[in-house]
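Source: prediction; values computed, not measured. Chain naming here is simple, since letters A, B, ... match the order of the sequence lines and numbering starts at 1 in each.
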There are 2 protein chains.
Amino acid sequence: MELNERKTKILEAIIRNYLETGDPVGSRTLSRYLDIKLSPATIRNEMSDLEEMGYILQPHTSSGRIPSDKGYRFYVDSMMADREKEVSDMHDMVVEKAEELSGLLKQVAKLLADNTNYAALISSPQLHRNKLKFLQLSKVDDGNILAVIVVEGNIIKNKMIEVSEPMDDDTLLKLNLLLNTHLNGLSLEEINLGLITLIKERAGIHSDVIASVIDAVADAIRADEDLEIYTSGANNIFKYPELADNEKASSIISTFEEKNELGQLINESLAKDRDREDGEKTGIQVYIGNESPIESMKDCSVVTATYELGDNMKGMMSIIGPKRMDYEKVAHALKTLQEQLDTLYKK
Amino acid sequence: MELNERKTKILEAIIRNYLETGDPVGSRTLSRYLDIKLSPATIRNEMSDLEEMGYILQPHTSSGRIPSDKGYRFYVDSMMADREKEVSDMHDMVVEKAEELSGLLKQVAKLLADNTNYAALISSPQLHRNKLKFLQLSKVDDGNILAVIVVEGNIIKNKMIEVSEPMDDDTLLKLNLLLNTHLNGLSLEEINLGLITLIKERAGIHSDVIASVIDAVADAIRADEDLEIYTSGANNIFKYPELADNEKASSIISTFEEKNELGQLINESLAKDRDREDGEKTGIQVYIGNESPIESMKDCSVVTATYELGDNMKGMMSIIGPKRMDYEKVAHALKTLQEQLDTLYKK
DNA sequence: GTTAGCACTCGTTTAATTTGAGTGCTAATA
DNA sequence: TATTAGCACTCAAATTAAACGAGTGCTAAC
């Protein structure tokens with residue numbers, strides 16, 4: 001069977017109506033709602049076809065139809081195609097450049113959640129390539145030496161190293177020189193065991209300090225270490241009855257709180273984004289129901305977008321809501337913030 | 001009327017029973033549950049008295065009684081009095097010393113939540129007095145200077161400062177000297193406008209860099225800036241029907257997510273802890289229902305404990321659950337972690 | 001191809017009924 | 001005087017029954 005124009009119109013009407021009300025929609029309602037004049041009976045026939053084709057389904061015999069995952073998928077795809085649509089009832093979302101990255105990301109998550117009334121999350125940007133840019137040991141007091149490490153992208157890492165006896169300025173200077181000459185500009189792969197042993201040898205009695213420093217450097221460079229996730233508006237799910245029963249709500253909230261499962265979503269989304277042909281799309285992805293990589297979100301839709309923060313640092317943000325979420329509004333919100341973030345550190 | 005021994009026993013039996021089952025408890029049940037032999041009728045008379053005295057109440061005529069907030073308060077107070085009780089069914093809770101403070105605190109929050117099946121939170125420790133301990137500017141690359149600031153308690157703060165043109169090593173050295181001679185060892189109150197102006201004058205053309213540094217120093221020293229709150233197990237509240245309805249659950253979850261309201265709880269709890277006579281109690285507080293400073297937790301009980309991490313840095317942890325929570329288990333869990341944290345950095 | 005008509009389905013709503021745990025009061029008992 | 005048995009009463013919760021109504025599929029007429 002073919003999805004002709006009339007069927008398409010009816011399918012869209014069903015979905016639109018369901019998005020608005022959240023109730024299954026019947027033939028009589030559609031007959032009034034549609035711009036083409038058709039009797040309920042005719043529409044019933046078409047709906048019967050649409051159901052057979054898998055686009056809609058009945059929660060139970062003798063109730064209206066609701067979109068199936070396939071139906072949503074069709075709707076989202078065709079919606080994404082004509083992207084010029086303006087969404088009006090969105091507040092201005094302006095990101096203010098924050099002192100700290102974490103503050104900025106928290107701000108973005110909150111903006112997304114507050115403006116859409118769904119749950120939102122954003123990941124800290126992942127560095128593309130990590131090279132050591134700056135390394136310095138300083139004496140803080142007699143028992144402590146502070147290692148400051150800066151890697152590409154100006155990510156800063158500190159480590160306090162305890163020493164059993166005070167280290168004089170001269171030794172410190174030498175260690176600094178030693179570390180910098182050997183390590184500066186190197187990436188994780190390039191710092192191998194041979195090099196480490198060499199440095200330790202040269203450091204002589206201070207090799208234990210060096211070991212601590214190198215540990216810290218490895219930590220700083222390893223990307224997955226820094227993967228921070230900021231969430232906001234998880235409690236918004238209570239606004240949607242189909243997600244608000246204890247079982248579902250609990251598992252969604254718990255996923256949001258633990259955060260480790262969210263990592264999968266982020267990785268998958270970033271990977272997909274990397275694969276797509278350049279220039280083609282805007283980097284927005286939609287996971288409907290079971291399409292989502294996260295088990296506890298099988299009754300939700302997840303919309304993700306990647307962003308780029310200046311120096312090739314890519315991160316991901318996402319909105320999670322009921323399947324009948326307002327996809328246009330959500331996509332628009334994500335795009336807006338995407339653009340703002342992209343330009344924020346560009347200037 | 002007086003709370004004699006028999007009334008006390010009955011009251012305790014009511015509360016114990018209610019803690020176990022969560023159902024209102026009636027005279028017949030009590031008659032079986034009590035060790036002294038009394039007929040339901042007698043018990044009814046006593047219950048009637050207890051109700052008049054405000055220790056228990058009926059959800060509706062012709063149902064059993066449940067403890068009032070006053071009843072819980074009585075129970076908690078008398079329970080706290082004999083503190084030697086051993087709680088058996090608690091898993092071993094061992095905190096492993098973590099690299100980063102934030103990791104440690106997350107671990108503690110999770111331990112508390114997992115072991116008690118209630119929601120848990122822990123605040124980062126608040127410094128008692130904040131003095132600048134170490135300050136250093138370093139050149140990271142031509143366009144960026146990194147300021148590293150360490151304050152008492154080894155809290156480290158970084159700030160990247162952009163400069164329009166490269167700064168040579170000599171100038172940097174001079175600025176470092178200038179800042180250190182004037183600022184080292186000072187507290188927030190001592191860094192006044194006069195001093196700032198003086199330093200800026202001496203810095204000449206680099207006064208804008210100095211301004212940024214001093215901003216960062218102020219940030220680092222101000223205590224409330226660092227107040228981080230880590231939560232875990234918020235979704236545990238779904239395990240208790242009396243908290244699991246949408247309205248309540250939503251508001252509790254939202255408080256946990258926003259976190260800013262939790263600050264009040266932390267401050268109040270730390271303040272109360274400071275006020276108590278030394279050596280008297282263990283620093284554990286119980287807020288029952290409306291006693292809690294947080295509006296959204298009026299149907300919960302909140303148990304808080306302070307901890308001390310080495311250098312006079314005090315923080316607070318808390319467990320939030322239904323009023324009928326297992327107070328002994330919770331108090332025991334908090335004490336266990338309290339002791340572990342106290343010794344962790346003492347060694 | 002479209003539509004009106006009709007019998008049928010089935011979740012939802014409302015009301016009525018039953019059940020049962022629990023109470024207060026009174027009178028009998030120890 | 002304190003305790004207890006007995007009994008009528010209350011009321012939330014569970015159960016059952018009936019009515020409702022939105023919606024369907026099918027058939028026959030247009």
Once you measure the plane-to-plane angle for F74(A) and Y55(A), does it fall in the parallel (<30°), tilted (30-60°) or perpendicular (>60°) bin? perpendicular
For D49(A) and dT24(D), what is the distance between atoms CG and P respectively, to the nearest whole Å? 13 Å
Find the distance E46(A):CD to dC26(D):P and express it as a whole number of Å. 15 Å
Between dA2(D) and R6(B), is there an OP1 or OP2 to side-chain N/O distance shorter than 4.0 Å? no
Sorted by chain and residue number, the side chain to side chain donor-acceptor pair (under 3.5 Å) partners of S27(A) (sequence neighbours excluded) come out as R44(A)
Summary of side chain to side chain donor-acceptor pair (under 3.5 Å) pairs that have at least one residue in residues 285-297 of chain A, sequence neighbours excluded: R73(A)-E291(A), T255(A)-S296(A)
Report, one line per pair, each donor and acceptor closer than 3.5 Å where one atom sits in a side chain of residues 4-14 of chain A; sequence neighbours left out.
from	atom 1	to	atom 2	distance (Å)
N4(A)	OD1	R6(A)	N	3.3
N4(A)	OD1	K7(A)	N	2.8
R6(A)	NE	E46(A)	OE2	2.7
R6(A)	NH2	E46(A)	OE2	2.9
K7(A)	NZ	E46(A)	OE1	3.0
K7(A)	NZ	D49(A)	OD2	3.3
T8(A)	OG1	N4(A)	O	2.7

Given protein heavy atoms under 4.0 Å, the one-letter contact record of nucleotides 5-16 of chain D, with B base, S sugar-phosphate only and - none, is simply BB---BBS----
Tell me, which pairs form a ring-ring contact (aromatic ring centres under 6.0 Å, His included) where one or both residues lie in residues 230-265 of chain B, sequence neighbours left out? Y118(B)-Y240(B)
Considering heavy-atom distances to DNA chain D, does N45(A) or L38(B) have its closest nucleotide positioned more toward the 5' end? L38(B)
I66(B) CD1 to dA21(C) C1', in whole Å, measures 16 Å
Can you list everything that forms a side chain to side chain donor-acceptor pair (under 3.5 Å) with S318(B)? Sequence neighbours excluded, please. none
Numerically ordered, the residues 17-35 of chain B set in heavy-atom contact under 4.0 Å with DNA chain D is none
What's the CD1-C1' distance between I43(A) and dT2(C), to the nearest Å? 12 Å
When all nucleic acid strands are considered with a 4.0 Å heavy-atom cut-off, which category describes S63(A): base, sugar-phosphate, or nothing? sugar-phosphate
What residues, two or more places apart in sequence or in another chain, satisfy side chain to side chain donor-acceptor pair (under 3.5 Å) together with E258(A)? none
Does any pair with a residue in residues 53-71 of chain B pass salt bridge (Lys or Arg N to Asp or Glu O under 4.0 Å), and if so which ones, sequence neighbours excluded? E51(B)-R65(B), D69(B)-K323(B)
Sequence neighbours excluded - salt bridge (Lys or Arg N to Asp or Glu O under 4.0 Å) pairs with any residue from residues 238-256 of chain A: E242(A)-R324(A)
Looking at residues 50-59 of chain A, who's got a heavy atom less than 4.0 Å off DNA chain D? Q58(A)
I'd like to know if the side chain of E257(B) reaches the main chain of G233(A), judged simply by a donor and an acceptor atom lying under 3.5 Å from each other, with no hydrogens or angles considered. yes
Got a sec, which pairs hit ring-ring contact (aromatic ring centres under 6.0 Å, His included) with one end in residues 25-44 of chain A, sequence neighbours left out? none
